[in-house]
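Notes for the one structure printed next.
Just so you know, these numbers use all the heavy atoms, side chains as well, and skip hydrogens, waters and symmetry mates. Positions are given from 1 along the sequence.
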Amino acid sequence: MASNVGGDAGEGEWLKVAQMRAMAEAQDPHAKEVDNLTLRRFLRARDHNVEKASAMFLKSLRWRKEAAPGGSVPLEMVQRDLADDKVCMGGVDRTGRPILLAFPANHLSAKRDMAHFKSFIVYALDNICARIPRGQEKFFCIVDLKGWGYSNCDIRAYIAALEIMQSYYPERLAKAMMIHVPYMFMKAWKMIYPFIDNVTRDKFVFVDDKSLQEALRQEIDESQMPDTLGGKLTPIPLKNYTRSLSA
């Protein structure tokens, strides 16, 4: 049964969640299986407009049935992307939010299969969201662009990943810290930027190399910081993380 517990929402917000639930359940019985915190994230993503939030949520339910049949992404759809170590699991930030590390230089546009890549994004987001503890609703992301070049540039894939996150995982990203950013990436960013909604744009923070250690330490304790960035924690490649869960 859906829970009414959680967060710092006021009575007015929870009333809108209830209205949203009634509207959604009238159109799709599967909405009953979704908790109120999830509904609230969709509500907040649509600036508390109940009708728009309900439409967004119902679209997400329909999408989910195709993107993750049976509740999860088939492993055969993501094995090639997992092998490239594009994503690792880190520790937690100072507020307890789990850390996801992304390495765009490990993505080669010439090798990319769009259907498989979209499944990989869903797979990665599902895994990081599963780590979010009670009392938190978001994850922290470090996008390390070290070594990124033209062979890695894949505007279509970047836009597809953003659309999945914005449309189907609203209010999940706390911050994306962009580090080791090469100058040439900013040309790609200018092409991607118009596809990012206003709320999400503010979550992308570009950090120059001189400020990197200070910025990292503001967000992450040394014990939880990746050892590749001067910390003490060894990140776990997503392929190994999911293996350890199933072991």
Step by step, would you call Ser109 with Arg112 a side-chain hydrogen bond (donor to acceptor under 3.5 Å, both in side chains)? CA-CA 5 Å; Ser109 57; Arg112 183 260 297 149; over 6 Å; no
Identified ring pair (Phe, Tyr, Trp, His ring centres under 6.0 Å) counterpart of Trp148 within the set Tyr183, Phe103, Phe185: Phe185
Pairs touching residues 58-84 that satisfy ring-ring contact (aromatic ring centres under 6.0 Å, His included), sequence neighbours left out: Trp63-Tyr168
Point-to-point distance, once rounded to the nearest 0.5 Å, from CG of Asp208 to CD1 of Ile179: 11.5 Å
Can you tell me how far the CE atom of Met186 sits from the OH atom of Tyr193, to the nearest 0.5 Å? 10.0 Å
To the nearest 0.5 angstrom, please state how far the CD1 atom of Ile196 sits from the CD atom of Glu163. 11.0 Å
Side chain to side chain contact (heavy atoms under 4.5 Å, CB included) for Phe195 and Ile155? Distances and angles first, verdict last. CA-CA 11 Å; Phe195 295 90; Ile155 304 299; 6.0 Å; no
Between Glu25 and Ala31, which heavy-atom pair has the shortest distance, and what is it? CG-CB, 3.8 Å
So, is the end of the Arg172 side chain (NZ or CZ) under 6.0 Å from the ring centre of Phe139 and within 45° of the ring's axis? no
Partner residues of Lys138 under the salt bridge (charged side-chain N to carboxylate O under 4.0 Å, His left out) criterion, sequence neighbours left out: Glu171
Salt-bridged, Asp93 to Lys175, with N to O below 4.0 Å? no
So how far is it from Met77 CE to Leu82 CG, rounded to the nearest 0.5 Å? 12.0 Å
How far does CE of Met114 sit from NE2 of His116, to the nearest 0.5 angstrom? 12.5 Å
How many angstroms lie between NZ in Lys86 and CG in Asp84, if you round to the nearest 0.5 Å? 5.0 Å
